[in-house]
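Quick notes on the structure that follows.
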Amino acid sequence: MFRKLFLLVAVALIASMGVFWLVTIPAVVSAEALPAYSPNVANGQTVFNAGGCASCHAVVGEPRTMLGGGLAIPSPFGTFYAPNISPHKQNGIGDWTEANFVTAVRKGTSPAGAHYFPSFPYGSYVHATDNDIRDLFAYIKTLPSLSGRPRPHDVSFPFNIRRLVGGWKFLFVDGKPLTPDPKQSAAWNRGAYLVNGLGHCAECHSPRNFLGGIVSSQRFAGGPNPEGEGWVPNITQKGLKDWSEKEIAWFLKTGELPSGDTAGGSMVRVIKNTSELNDEDRAAVAAYLKSLPPVDGPVKPKKKT
């Protein structure tokens, strides 16, 4: 009896490990899956700004186009360091193929076939179009090539096991494409694409569970700063009910709040990106944000006196 029970447990364990291995296989976009295309470098620059690439990958204190990385990104699981994504062949992405780049951005898989940690917001970038990502790759190749490789991530066991990230993706990355809502305007749909895809606004403006996944029922409702200190504001109509679309668009351009105050913290880096977008894109983002229903976020702890 004991032997049969042991065998059943062993078979169940092996089967579970097999299922885990299958669902955590890093996804790859093959070159054959990308049809012939002539990249639009000008649009690639727009994608660069909308995606906030410079916020993490630009060398601190250098121009936004110096993508040598190195920025420390703290989290409850350890500290991640943004990599060099300049066109440098050894230390950047100069030797990458277009398929490598699309795979990294949309699937979170490295050219070596390993999972990237989700400090890289591919959970949102997965909703970007292949053409936008291909345009971004073409634009980055026009930027300065920088040598140097940032320090390795400082992540403790077991969170440093990359295969486990495949399980995280299975639980929390929604790979369904964003489809335009025919009931909404073209501007609203553009805003939905920018906010949920390239702009990855939910990555900071949403609370997370103990595994680091976004709490879907409180998406955009703010919460503890995932990078540590501070509180990220609610950007549903619970938090922006007194803001007009024009005020939101102006904030994205200048960083100025309706109260006359200015953006602070990591939002300063975001404003540097959104200020480079055109007025139409900022208005589109504003239109979409104003349409979000009010959602209560986590209770903000009271300041200690």
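Owing to the predicted nature of the structure, the values given are computational and were not obtained by experimental measurement.
Between F251 and W243, the ring centre distance stays below 6.0 Å. Less than 6.0 angstrom separates the ring centroid of H153 from the ring centroid of F80.
Of the N and O atoms on the side chains of Y81 and D154, not one donor lies less than 3.5 Å from an acceptor on the other residue. With no hydrogens or angles considered, no side-chain donor-acceptor pair links R149 and N84 at under 3.5 Å. Of the N and O atoms on the side chains of T129 and N131, not one donor lies less than 3.5 Å from an acceptor on the other residue. Between the side chains of T103 and N100, no donor N or O sits under 3.5 Å from an acceptor N or O. When only modelled atom types and interatomic distance are considered, Y193 and D132 share a side-chain donor-acceptor pair under 3.5 Å. A donor atom on one side chain and an acceptor atom on the other are not found under 3.5 Å apart for N196 and S124.
The OG1 atom of T236 sits 12.5 Å away from the CZ atom of R219 when rounded to the nearest 0.5 Å. Atoms CZ and CD1, from F120 and I73 in turn, are 10.5 Å apart once rounded to the nearest 0.5 Å. Between atom CG of residue N273 and atom OG of residue S55 there is a gap of 3.5 Å, rounded to the nearest 0.5 Å.
Within the 3.5 Å criterion, the main-chain N or O of G70 finds no donor-acceptor partner in the side chain of R151. Not one N or O on the side chain of N234 forms a donor-acceptor pair closer than 3.5 Å with the backbone of K238. In terms of modelled atom types and a separation under 3.5 Å, the side chain of R282 and the main chain of W250 share no donor-acceptor contact. Checking side-chain atoms of S86 against main-chain N and O of S145 turns up no donor-acceptor pair under 3.5 Å. For W96 (side chain) and P111 (main-chain N/O), no donor-acceptor pair under 3.5 Å exists by modelled atom type. No side-chain donor-acceptor contact under 3.5 Å links N189 to the backbone of P180. Using a distance-only test at 3.5 Å, with no hydrogens or angles considered, a donor-acceptor pair links the side chain of H57 to the main chain of P83. A donor-acceptor pair under 3.5 Å links the side-chain atoms of T109 to the main chain of A27, judged by distance alone. Without hydrogens or angle criteria, Q237 side chain to S291 main chain gives no donor-acceptor distance under 3.5 Å. Between the H200 side chain and the V195 main chain, no donor and acceptor come within less than 3.5 Å of each other.
Using a 4.5 Å heavy-atom threshold, the side chains of F101 and L136 count as touching. Side-chain contact between V165 and F159 is absent, with no heavy-atom pair separated by less than 4.5 Å. Considering only heavy atoms from C-beta on, V102 stays 4.5 Å or farther from K107 through its side chain. Between R64 and E276, some side-chain heavy-atom pair lies under the 4.5 Å cut-off. Using a 4.5 Å cut-off on side-chain heavy atoms (C-beta onward), V41 and T142 make contact. Proximity of L252 to V285: side-chain heavy atoms (C-beta onward) are separated by under 4.5 Å at one or more points. You'll find the side chain of R269 reaches within 4.5 Å of the side chain of L71, heavy atoms only. P294 has its side chain out of reach of K241: every pair of non-hydrogen atoms, C-beta onward, lies at least 4.5 Å apart.
Under 4.0 Å is where a charged nitrogen must lie from a carboxylate oxygen, and between R134 and E98 at least one such pair does. The existence of a salt bridge linking R208 and E203 is confirmed by a sub-4.0 Å separation between a basic side-chain nitrogen and an acidic carboxylate oxygen.
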| request: Check the pair D279 / K253 against side chain to side chain contact (heavy atoms under 4.5 Å, CB included), numbers first and verdict last. | output: CA-CA 8 Å; D279 290 339; K253 183 175 183 178; 4.0 Å; yes
| query | Step by step, would you call D281 with T46 a side chain to side chain donor-acceptor pair (under 3.5 Å)? | reply | CA-CA 10 Å; D281 277 348; T46 296; 5.6 Å; no
| query | Going through the distances and angles, do T254 and S275 end up as a side chain to side chain contact (heavy atoms under 4.5 Å, CB included)? | reply | CA-CA 7 Å; T254 66; S275 66; over 6 Å; no
| query | Please walk me through it: do N40 and Y139 pass side chain to side chain donor-acceptor pair (under 3.5 Å)? | reply | CA-CA 8 Å; N40 180 336; Y139 173 70; over 6 Å; no
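Of the options P293, C204, C201, a side-chain contact (heavy atoms from CB on, under 4.5 Å) to F220 is made by C201 and by none of the others.
For K169 and Y122, the positive end sits near the middle of the six-membered ring, less than 6.0 Å away and at most 45° from its axis.
Residues satisfying the salt bridge (Lys or Arg N to Asp or Glu O under 4.0 Å) criterion with R162, sequence neighbours excluded, are absent altogether.
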